[in-house]
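Okay, structure first, notes after.
Counting convention: from 1, in listed order, for ligands and their atoms alike. When a residue number appears, it is its place in the shown sequence, counting from 1.
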Amino acid sequence: MKDDMLLWDETLFKDPEVFELDYVPEHFDHREAQMKSLRFCVRPAIRGARPVNALCLGPPGTGKTTAIIKLFEEIEKHTRSVITVHINCQIDGTRYSIFSRIYKKIFGVAPPSSGISFKRLFDKIANELASREAVLIVALDDVSYLFPEKEIDQILYTLLRSHESLPGFRAGVMAAHSEPSMKYILDPRVESVFRPEEILFPPYKRDEIFAILSRRAQLGFYPGVLSQDVLDLVVDLTTESGDLRVGIDLLKRAGMEAERRASRSISEEDVRRAFSSSRFLHIEHAIRSLSGDERTLLRIIAEQPGGKAQSGELYRTYHGITQAGYTKFYEILKRLEALRLVETSFTGPGMRGRSRIIRLRCDPAEVITRVKE
Ligand SMILES: Nc1ncnc2c1ncn2[C@@H]1O[C@H](COP(=O)(O)OP(=O)(O)OP(=O)(O)O)[C@@H](O)[C@H]1O
Ligand SMILES: [Mg+2]
């Protein structure tokens, strides 16, 4: 056997974990300014006061989740009187499930599975925080999943106004949203107390992507697996896609392509082949999480000319197929929006009044093939 060939039980991956999407990197460079702003928000909590609320804004893959997790690690190392809870709102999307997570973090066990009322759950949390004299910081990550049914208003109300009746209750919120700004209009009763410090996460530049991916590849692959030229190609494709996560996924898939050929190194061809999947990472991931009804509406939108249509027309088509009512239609639309698959905008106050336009945010053909799978 030639020695550039891989034996069947050999691998190119020194540490495959580093290419997983939930891996928290040890080195988190290029985000010093954002980390500084986040630390500033937390400072009052370290002194036992309510922290400044924060809102991390920026496109996918710009380090918002990583920044919050790193910050929480720092806080926990530093003090026990600040309790941090990271909530993935795509998984925990209701006030009850979010406070169950908070309960679990504080008590180390989940609330009784027989179920207790929200009030009891909240009272236990508030009493425990008061007796420990602790401040609570809750990260609402991917907060757009709390927009349907206005769940966000209730949650912020409970976290940020409870101190009015329970003076020992001190909590702050760090929200993360994968958009340049938050368009959701909060209930005025929470708007007046949330007023977050907005922390912007711009897309990484090419040299930053290069540095991050190069370090990740060094950790993940054995020496000699990824040449400089091939890394350059990965970096170009990642910069083009604008999402660092695509680059990390691309490294992993390209490594697997090379292994499939039993080669000891990754070629440009491996990268190009892998890119045909990695570039659609976001769409694939989002579509996999959809229910049957959600897929139907997404397919209808994708089939409209130019992938866009007026909301009224879409509703009529959707109703014709599923018999679903407007409320259901609207909830599904909100979810597709939270998943960044569609965006809504209003036409100006023209002759026909304001009407809502729904537009697909990705290539219709790519969506159609995937909803049918
Ligand atoms: N500065 C950095 N250094 C090293 N790795 C990074 C850096 N920023 C982001 N990453 C990596 O990129 C991936 C995406 O980062 P992260 O999940 O923090 O993005 P995000 O802004 O939360 O994206 P989304 O809006 O989609 O939730 C993660 O795997 C993370 O490890
Ligand atoms: Mg995130």
Nearest non-hydrogen protein atom, atom 18 (O) of ligand 1: Thr66 OG1, 2.5 Å
Counting from 1, what ligand 1 atoms have a heavy atom of Pro25 closer than 4.0 Å? 4 (C), 5 (N), 31 (O)
State whether the shortest distance between N or O atoms of Leu244 and N or O atoms of ligand 1 falls below 3.5 angstrom. no
Would you mind checking which non-hydrogen protein atom is closest to atom 24 (P) of ligand 1, with the distance to 0.1 Å? Arg245 NH2, 3.5 Å
Between Ile212, Asp141, Ile69, flag the one that comes closest to atom 4 (C) of ligand 1 by a heavy atom. Ile212
Is a side-chain donor-acceptor pair under 3.5 Å present for Ser267 with Asp270? yes
I'd like to know if the side chain of Ser81 pairs up with that of Glu133 as donor and acceptor (distance under 3.5 Å, no hydrogens or angles considered). no
Can you tell me the protein heavy atom closest to atom 19 (O) of ligand 1 and the distance? Gly63 N, 3.2 Å
Just go through Phe201, Phe28, Phe19 and tell me whose heavy atom is the nearest to atom 2 (C) of ligand 1. Phe28
If you measure every N/O of Gly61 against every N/O of ligand 1, is any gap under 3.5 Å? yes
Polar-atom distance check: Tyr204 versus ligand 1, any N or O pair below 3.5 Å? yes
Pair Glu151-Thr94, side-chain donor/acceptor within less than 3.5 Å: no
Is atom CZ of Arg50 surrounded by more than 12 heavy atoms (other residues, nucleotides or ligands) closer than 6.0 Å? no
Per-atom contacts, ligand 1 versus Ser178 - under 4.0 Å to a heavy atom: 24 (P), 25 (O)
For ligand 1, which atoms, with element, lie under 4.0 Å from some heavy atom of His27? 3 (N), 4 (C)
Tell me, yes or no, whether the heavy-atom count around Phe40 atom CZ, taken from other residues, nucleotides or ligands under 6.0 Å, exceeds 12. no
Ignoring hydrogens and angles, tell me if any N or O in the side chain of Lys308 forms a donor-acceptor pair with the backbone of Ile357 under 3.5 Å. no
Glu20 N/O to ligand 1 N/O under 3.5 Å: no
Please state whether His282 comes within less than 4.0 angstrom of ligand 1, counting heavy atoms only. no
Per-atom filter on ligand 1: closer than 4.0 angstrom to a heavy atom of Tyr23 are 31 (O)
Would a 4.5 Å heavy-atom cut-off, applied to side chains only, mark Leu55 and Met182 as touching? yes
Test item: Glu208 side-chain N/O and His30 main-chain N/O as donor-acceptor pair under 3.5 Å: no
Backbone of Glu313 reached by a side-chain donor or acceptor of Thr317 within 3.5 Å: yes
Enumerated ligand 1 atoms positioned under 4.0 Å from heavy atoms of Thr62: 19 (O), 20 (P), 21 (O)
Specify the protein heavy atom at minimum distance from atom 29 (O) of ligand 1: its residue, its atom name, and the distance to 0.1 Å. Ile248 CD1, 3.6 Å
Atom 1 (N) of ligand 1: nearest protein contact (heavy atom, Å): Asp29 O, 2.7 Å
Can a salt bridge be assigned to the pair Glu257 and Arg253 using a cut-off of 4.0 Å between side-chain N and carboxylate O? no
Can you pull out the closest protein heavy atom to atom 5 (N) of ligand 1? Residue, atom name and distance to 0.1 Å, please. Arg216 NH2, 3.1 Å
Nearest-0.5 Å distance that lies between atom OH in Tyr184 and atom CG in Leu146: 9.0 Å
Between the Mg ion (ligand 2) and Ser178, is there an N, O or S atom separated by less than 2.8 Å? no
Verify the distance criterion only: is there a donor paired with an acceptor across the side chains of His177 and Asp142 at less than 3.5 Å? no
Should Arg215 be listed as contacting ligand 1, given a heavy-atom distance under 4.0 Å as the test? no
Testing the 3.5 Å rule here: is there a donor-acceptor pair between the side chains of Ser144 and Glu337? no
For ligand 1, which atoms sit closer than 4.0 Å to a heavy atom of Pro60? 23 (O), 24 (P), 25 (O), 26 (O)
Hey, looking at atom 22 (O) of ligand 1, which of Thr65, Val246, Val24 has the closest heavy atom? Thr65
